[in-house]
Amino acid sequence: MRRSAAPSQLQGNPFKKPKFIPPARSNPSLNEEITKLNPDIKLLEVATSKTFLQSQNDPRKCSLNLLPTEESAREINHGDNYRGKYCFEACAMATLDPHHTVHSAPKEITVSKGQEEEPASLVKYFSVVWCKASKKKHKKWEGDAVLIVKGKSFTLKNLEGKDIGRGIGYKFRELEKIEEGQTMMIGGKEIEVMGIISPDDFSSGRCFQLGGKSPAISNFCQAAKKCFSNPLKSVYKPSSKENRQNSFCNCKPRHDPCAPNSLVMLRPDSRHQWMFNKNCFPLVDVVIDPHLVCHLRPHQKEGIRFLYECVMGFRVNDRYGAILADEMGLGKTIQCISLIWTLQCQGPYGGKPVIKKTLIVTPGSLVNNWRKEFQKWLGSERIKIFAVGQDHKIEEFTKSPFYSVLIISYEMLLRSLDQVKNIKFDLLICDEGHRLKNSAVKTTAALISLSCEKRIILTGTPVQNDLQEFFALIDFVNPGILGPLSSYRKIYEEPIILSRQPSASEEEKELGERRAAELTCLTGLFILRRTQEVINKYLPPKIENVVFCQPAALQIELYRKLLNSRAVRFCLQGLLENSPHLICIGALKKLCNHPCLLFNSIKEKECSSTWDKNEERSLYEGLINVFPADYNPFMFTEEESGKLQVLSKLLAVIRELCPAEKVVLVSNYTQTLNILQEVCKRHGYAYTRLDGQTPVSQRQQIVDSFNSKYSSDFIFLLSSKAGGVGLNLIGGSHLILYDIDWNPATDIQAMSRVWRDGQKHPVHIYRLLTTGTIEEKIYQRQISKQDLSGAVVDLTKTSEHTQFSVEELKNLFTLHESSHCVTHDLLDCECTGGKDHTAFVSPPGKLCLSSPSSSCLLILQILIKQVMHWKNSLSLEVVSLVHIHRSLTP
Ligand SMILES: Nc1ncnc2c1ncn2[C@@H]1O[C@H](COP(=O)(O)OP(=O)(O)OP(=O)(O)O)[C@@H](O)[C@H]1O
Ligand SMILES: [Mg+2]
C-alpha cells in the first residue's frame, strides 16, 4: 500500500530524526546520490540534527532551528559555489522523506474490557500522520497530527490544535508500547507514528508549528564578523557568461569595515546566499555610513543591526518583517533612516542595493517630522524624499525618478491607495503602527494589499491585554508566521487565557505559561523593545509630580447630584445594557475638569428629544438647578474648578520663576482645551495649539515654531488624541496633564513629548487629579495595572476600561468627601495631609508655589528612580515607598 505524503513529510518532519528512519522506508539510492554529489551533506545533516536537538533541550531557545549552523554554512561558502548549491539542494532533499510504503496491516487498538492497572497520569505525545480508515490500496495521508496518550485514553489533535479524534478505555499496555513507525487504527482513523514529542515541545506548542506550514527559523548568529578577508575568493567565480556580465558590480564595501567604530552588518549565511545570490556576485560587507554612526547611541546601533537582519530575512526564513517597539523618544526614526540609507546604497551581493523605493506611513502630524529627521541626519543631497501634502501630490513622486522615499499619512494613503499600489515599494515602514492591531480596519487592509515583503512596524506603545491584537501586528509584518488565526487561538490564546482564570488547574496554568513563553520566544526574533532607561543618561532629570486638587464647592454639589441620579442607580443595580455607565463616567470626568463642560452637555440633552438619549437625560435630571440661574458657560470662572485654580497658580509660578521655560498643557478633550485656551487669553499668556482640527500641513510648523528659542509662545495646548504620539516638543520643559486617561500608555505617550533627546532643561511633569473623585480611582487603577516590564505584549493584563463589575462601579461612583486625598490615605503615610501643609516644591529651590492655594492638598514628588521602581510594581503598597514631599519652601 502506498501513500502520498502528508505535509510534514514533504517539508521534512523534524520529529522524525534521521536515525529513526527504518531502512525499508527510506530511499537509499537517493541518499547515496546526494552524498556522492557532495560529501558535505553529512556535515549538514549533522548540523541540522544538532541544531534541532539543541533547541529541543534548551527551553529558552526557540524551536524551528532547522537550518545549518553558521559554521557549516561558512564551510560551504569557502568552497566552490556550485558545490554550495548542490549542498543546499541536497540538504532540502535529505530532509524530504520519500513516500511511505506500509508493509504491515495496521492494528486496531482494542478497547480494554477487563481491568488493567496503569498509572493514569502517564502522558505521552507522538507526532503522527493520519487518514480516514479505508480499504483502498493507494491511500493518502490527509494530514499531520499530534497524538496524546494519557493513561487509557488518547486524543488526536490536528496542527491547528483542534481535536479530530478521541477515545477512552484502551488497553493501557497497547498504548504504552506505541513506537515510531507503528501504524494503527484509532477512532476510525488510520495513523502512523512519526516520532515522539517531548512533553516540553508539547507544552510549548512547538509540536504544532513544526509539522506543517510553520516557518523555519533560520540559524541566527549574533556575532557579525568584522570584514571579509577576501570576498572574491569565497564565492565569485566569473566563469559563466552571466558572471562575466556581472563583473562590473562593486566588490568593495562602500565604507571601510575595518575603520575604528565601523558598524558592519551581519553577513548572509550560505542558505541566504543560495537563495538570493543566484548570480554569484561577490560578497561585500554592508557598512553603515560613518556620517550616521558617529551620532548613533549604542542601542540605536543594535537596533539597526536588528532591523537589517529582519528585513534581509536572516532571522526567520522567508520572512522579512520586524517590529521595533522601543519606548518613546529612543530614536526609532534615526534607526529607520539609517536602515533605508544603507539598503538603498548597499547590499551584500556585489554591493548591489537591496531596495529602491521606501514607503513610510505615519500619522498626519508626523509626516513633516519624518522629512525633517531625514534632513537632520542625511542632509538634503544624499537622499531625495517626498512628503505627500496639500501642495505635494503623489503624482509628482510617481513621475519623478529622483525620489526614493515616500512619506504619507495613514489618511492620505487610504485616499490615494490606487496610486500607491501602482508603485513598487521594496520597504514599508508603518510609524505608530499599533493602529494596525485591528486587522478589520480599513488602514490595515489597505496596507496588507500593498505587495511589499519587507515591513516594519514602529510603535512606542506596547500592545496590552489583547492576544488577538498582538496576532494582527505579528501577522502584518510576517504574514502567516503564527499560522491561521484559528490555530493561533487554539494553540496559544485559549490555553494562555485559560491559565489566567482563577479556577485554572495547575496543569492548565503550566500549559498556559509555557505557551506564553514560547510565543514570546518565537516572536522575539523579530520584535525589539528597549525602555527609556537606555537613554536616561543622555537626558536631563525628569521630576514627576502628582498634584491632588480639592474640588470646588460647585463641583462637589453637582457630583453628589450625579451620583444620586436614576442613571447611576440603574448602573449600580447591574442594568448595564446600552452602557449607561460609560455615559455616567464621562459626565463625572467632565465635571472634574470644569462644571461648565457639564452645563453644556445638560443644555444639549435638554434640547434633544430622541428616545435613545433618555438615559443621558435621566443622568442630568435636576442638575441645571444647581447652577446659578444666570449661569453662562462662556463666562466660567477658575473658582468653579479645583484643578483650574491649581493650574492657574502653577502657570503663574512657572512664569515667575522660570521665565525662559515653556509649558505643554495636555488634555484628552477639545472642549477642555477651549477652556484652557480661554485661561491663557485671560492671563495674557502667548499660546499655540494643536488638536484634531489643526490641518496636517500646519502641524510641523506649529511644533517647530514652539521649539524655536525665538518663539514667544509660553504654552502649547495639545490634544493627546491628535498629537500624543511621535511629536517632539522639546521647547517645553514643563508638561501639565490636565486630565487622566484610563490607559496609562496614553498619559505616558503625552509625557514623553518633552522628555526626549534635545531637551536642555530638567523636565517637570504635573498630573492634576481632583481628590475624592473618579480621577483618583482611575489613577489608582493605572498604578496598580501599570507594568512597564518591557514586554511588547503584556499577557498578564486583562483590564478593559469599558467593562466593569457592579462592585467596581460602586467604587467608581463614590465621592470621598471626608478624605483630603484617598490615594494618600492608601499610602499609610504618617503625615496628616491636612490643609496646613499646602506648599509644594519640585525640586527644592527650582520651583515653588509662592502663594499656595488651599485647594491644593499634596504633591507627591516622585524622583525618577522611584518612578522606575514604582512603575515596575503591580500593587499600590509599593507606592508607599515614594517619598511624600511636603516641606514648605519659601
Ligand atoms: N543619537 C541621537 N543623537 C541626538 N538626537 C537624537 C538621537 N537619536 C534621536 N535623536 C532625537 O531624539 C528625538 C526623538 O527621536 P524619535 O522621534 O525618533 O523618537 P521615537 O523613538 O520615534 O519616539 P516616539 O515613540 O515618541 O515617536 C528626535 O528629535 C531625534 O532627532
Ligand atoms: Mg516616532
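Every number for a ligand or one of its atoms is a count from 1 in the order of the listing. What you see is a predicted model, and the numbers here were worked out from it, not measured in a lab.
No more than 12 heavy atoms of other residues, nucleotides or ligands lie within 6.0 Å of CZ in F402, so this atom counts as exposed by the packing criterion. Taking a 6.0 Å sphere around CD of Q701, one finds it holds 12 or fewer heavy atoms contributed by other residues, nucleotides or ligands.
N728 OD1, 3.7 Å is the protein heavy atom nearest to atom 13 (C) of ligand 1. The shortest contact between atom 7 (C) of ligand 1 and any protein heavy atom is with D757 OD2, 3.6 Å. With hydrogens left out, the protein atom closest to atom 15 (O) of ligand 1 is G331 CA, 3.7 Å, a heavy atom. Ranking protein heavy atoms by distance to atom 31 (O) of ligand 1, first place goes to K376 NZ, 2.7 Å. Here the heavy atom of the protein found nearest to atom 8 (N) of ligand 1 is Q300 NE2, 2.9 Å. Of all protein heavy atoms, the one closest to atom 24 (P) of ligand 1 is R756 NH2, 3.4 Å. Nearest non-hydrogen protein atom to atom 25 (O) of ligand 1 is K332 NZ, 2.7 Å. Looking only at heavy atoms of the protein, atom 2 (C) of ligand 1 is closest to H295 O, 3.7 Å.
Using cut-offs of 30° and 60° on the angle between ring planes, the pair F386 and Y403 is perpendicular. The aromatic rings of F716 and F706 lie perpendicular to each other, with more than 60° between the two planes, well past the 30° mark.
With ligand atoms numbered from 1 in the order given, ligand 1 contributes 8 (N) to contacts under 4.0 Å with heavy atoms of I334. Close approach of ligand 1 to W377 (heavy-atom distance below 4.0 Å) involves ligand atoms 2 (C), 3 (N), 4 (C), 5 (N), 6 (C), 7 (C), 10 (N), 31 (O). Heavy-atom contacts of M328 reach the following atoms of ligand 1: 23 (O), 24 (P), 25 (O), 26 (O) (cutoff under 4.0 Å). Near E373, meaning under 4.0 Å from any of its heavy atoms, are these atoms of ligand 1: 28 (C), 29 (O), 30 (C), 31 (O).
For the pair L296 and ligand 1, the shortest N or O to N or O distance does not fall below 3.5 Å. In terms of polar-atom proximity, G329 is counted as a contact of ligand 1, with an N or O under 3.5 Å from an N or O of the ligand. Backbone and side-chain nitrogen or oxygen atoms of E432 are examined, and one is located within less than 3.5 angstrom of a nitrogen or oxygen of ligand 1. Among the atoms of R753, some N or O lies under 3.5 angstrom from an N or O of ligand 1.
Screening H764, R655, K760, H734 against E661 for a side-chain hydrogen bond (donor to acceptor under 3.5 Å, both in side chains) leaves a single residue, H734. Between D704 and the options K376, K709, K372, R699, a salt bridge (Lys or Arg N to Asp or Glu O under 4.0 Å) holds for only K372.
Remark: side-chain polar atoms of W377 are not paired, donor with acceptor, to backbone N or O of H291 under 3.5 angstrom. Between the side chain of D739 and the backbone N or O of S667 there is no donor-acceptor pair closer than 3.5 Å.
Under 4.0 Å from ligand 1, heavy atoms of T333 appear from its side chain as well as its backbone. The residue W370 has no part lying near ligand 1, judged by heavy-atom distances below 4.0 Å.
Contact between L330 and ligand 1 is present, with at least one heavy atom of the residue lying under 4.0 Å from the ligand.
Side-chain N/O atoms of R756 and N728 include a donor and acceptor closer than 3.5 Å. The closest side-chain donor-acceptor pair between E373 and T333, if any, does not fall under 3.5 angstrom. No hydrogens or angles considered: nothing links the side chains of N593 and Q671 as a donor-acceptor pair under 3.5 Å.
Annotation: side chain of I527 is not in contact with side chain of L473 (no heavy-atom distance under 4.5 Å).
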